[in-house]
Protein chains: 2
Amino acid sequence: MTASGYNRRERPAKPALSREGIVAAALDVVRREGAERVTMRRLAKELDTGPASLYVYVRDTDELHAAVLDELLGEVPRAAEGDWRSRLWTVVSTYRDVLYAHPGLARVALVTPLNGPNYLAIVDTVLGLLAEAGVPSGPAAWTVDLLLLVATASAVEHSTRKDRPDAERQHDALAETVRGLSPETHPNIVAASENLFSGNADTRSRWAIDALLNGARTTPLPD
Amino acid sequence: MTASGYNRRERPAKPALSREGIVAAALDVVRREGAERVTMRRLAKELDTGPASLYVYVRDTDELHAAVLDELLGEVPRAAEGDWRSRLWTVVSTYRDVLYAHPGLARVALVTPLNGPNYLAIVDTVLGLLAEAGVPSGPAAWTVDLLLLVATASAVEHSTRKDRPDAERQHDALAETVRGLSPETHPNIVAASENLFSGNADTRSRWAIDALLNGARTTPLPD
DNA sequence: ACCTGAACACCGTTCAAGT
DNA sequence: ACCTGAACACCGTTCAAGT
């Protein structure tokens, strides 16, 4: 205001705001500091403005997160080599891995209906693979949702835990609790305890997808 | 401090803090104002103290939320009438309904491993029903997880949307987007569009459970 | 020991006012 | 029209200090 030379900054020039610019800056912050730091205020600081300015281009934080997520979903391969089963596994597990890698973003995939181009491309690919897999077209439509829901939920489950160092301890606490259960009060848990904690995240995911697929193939939609 | 009569309050006496008291107060707030308002600060106000005091009895907000959720899970019936399929449906859908009814709490079920008594009772019940359903004991252990994961994720999906009045509009926006898709770029979505949005939440849930079960029965654990 | 005021480091969103 | 400073109404968690 007073000093006329003050307008010169290190950053060449303050670029005009735009939706694209905001999403791009958000992507940058995601990669540098994680999705948790993609907040309106943090982003405004990044763009050298106040948080109110962002609301001209973006409805709210969730919408921004969804836009960033769709951008990241560009990494998910549309096609791959191999039979339908391994291609399906590739797509779904890559989708899940993107969410794994961005803990703060997995939540938004559950909370707002995604409708970005990359998300839609994935849905289309999965539907194609389900047809190849012999899932009838009725169940297939519901199966995509279920498949992506499971992938998303697994990511939220796993990734948020990675975040917190006491998570392993908490998981151990659960295993401990289960070990301490009496066969009198919890007969079925005690009987199943061997398998309750077996397998790693990947093995279990893969089994879940297979089971889902086998179920979808044999379970007709209700009339 | 200065006025000696100030200690007399409407509330009979300030009760000593305790974990039970805190959880009870939290439950109260959940029922009166919703789970979103169960924050450390809000609760401290309720208990007439500062937020720091709660940390003596509760590790963090998530742990508090998990404790409240377990309390609410007491509503889920352990047994019910009918064959295994309808009993399983009752348990799983009641579990989901509890989460539906408490949007802010569904998240915690995904994020922290639950290990409260009521949760464990539900797991035991479901394991019993899966045995009755003829699911082999290996897959059964993984199926409980998957079943409750799907129920939880559906609750997060649906309930958070109920929260926000523009959610329906957003869903319509998705349907609109899908309708506008070209068969050239998204052949499978266009072909499936009839079923993509068919069915209500309950119908789809029920189908998902059936499909899961059918899959679990026929998909052996990997070696 | 047990408890807590006050501080630190943040949030999302709105709206009146400025250019 | 487009943009934004400042305010409103909150957060979780820690820690030095008090009883």
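What you are looking at is a predicted structure, and each value in this text was computed from that prediction instead of being measured. Values below: all heavy atoms of this structure, side chains included; hydrogens, waters and symmetry mates excluded. Proteins come first, then strands; the chains are lettered A, B, ... in the order of their sequence lines, and each starts at number 1.
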- [ ] Using Watson-Crick or G-U wobble pairs with both distances under 3.5 Å, give me DNA chain D in dot-bracket, 5' to 3', with [ ] for crossers and | for pairs to another strand.
- [x] ||.|||||...|||||.||
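- A close approach under 4.0 Å does not occur between any side-chain nitrogen or oxygen of B/Ser53 and OP1 or OP2 of C/dC3.
- The interatomic distance linking B/Tyr57 (OH) with C/dT4 (P) rounds to 8 Å, in whole Å.
- Applying the salt bridge (charged side-chain N to carboxylate O under 4.0 Å, His left out) test to pairs two or more places apart or on separate chains, none has a residue in residues 184-198 of chain B.
- As a whole-Å value, the separation of B/Glu63 CD from D/dT13 P is 11 Å.
- Checking C/dA6, C/dC3, D/dT13 against every side-chain atom of B/Ala52, the shortest atom distance belongs to C/dA6.
- Remark: B/Arg96 qualifies as a cation-pi partner of B/Tyr100 under the 6.0 Å distance and 45° angle criteria applied to the six-membered ring.
- Contact between the side-chain N/O atoms of A/Arg37 and the OP1/OP2 oxygens of C/dC10 is found at a separation under 4.0 Å.
- Regarding A/Glu36, its CD atom lies at a distance of 15 Å from the P atom of D/dT13, rounded to whole Å.
- Salt-bridge annotation for A/Asp210 and A/Arg206: absent, with no side-chain N of the basic residue lying under 4.0 Å from a carboxylate O of the acidic one.
- For B/Thr61 and D/dC11, the shortest distance from a side-chain N or O to OP1 or OP2 is not below 4.0 Å.
- The residues B/Arg19 and B/Glu63 are annotated as salt-bridged, a charged nitrogen and a carboxylate oxygen being separated by less than 4.0 angstrom.
- Using a 3.5 Å distance cut-off with no hydrogens or angles, the side chains of B/Ser205 and B/Asp202 do not pair a donor with an acceptor.
- Put simply, CD1 on B/Ile22 is 14 Å from P on C/dC2, counting in whole angstrom units.
- If you check the side chains of B/Thr94 and B/Asp97, you find no donor sitting under 3.5 Å from an acceptor.
- Looking at B/Glu36 and B/Arg107, no side-chain N of the basic residue comes within less than 4.0 Å of a carboxylate O on the acidic one, giving no salt bridge.
- The separation between B/Arg41 atom CZ and D/dC11 atom P is 7 Å, rounded to whole Å.
- Between B/Glu33 atom CD and D/dC10 atom C1' there is a gap of 14 Å when expressed in whole angstrom units.
- Closest approach to the B/Met40 side chain among C/dC3, D/dT13, D/dC15 is made by D/dT13 (side chain taken as heavy atoms from C-beta onward).
- Residue B/Tyr55 places none of its side-chain N or O atoms closer than 4.0 Å to OP1 or OP2 of D/dC15.
- Checked against C/dT4, D/dT13, D/dT4, the side chain of B/Val56 finds its nearest nucleotide in C/dT4.
- The CG atom of A/Leu17 sits 15 Å away from the C1' atom of D/dA1 (whole-angstrom rounding).
- Between D/dC10 and C/dA9, the distance separating the two P atoms is 23 Å to the nearest Å.
- In this structure, CG of A/Leu54 is placed 11 Å from C1' of D/dT4, rounded to the nearest angstrom.
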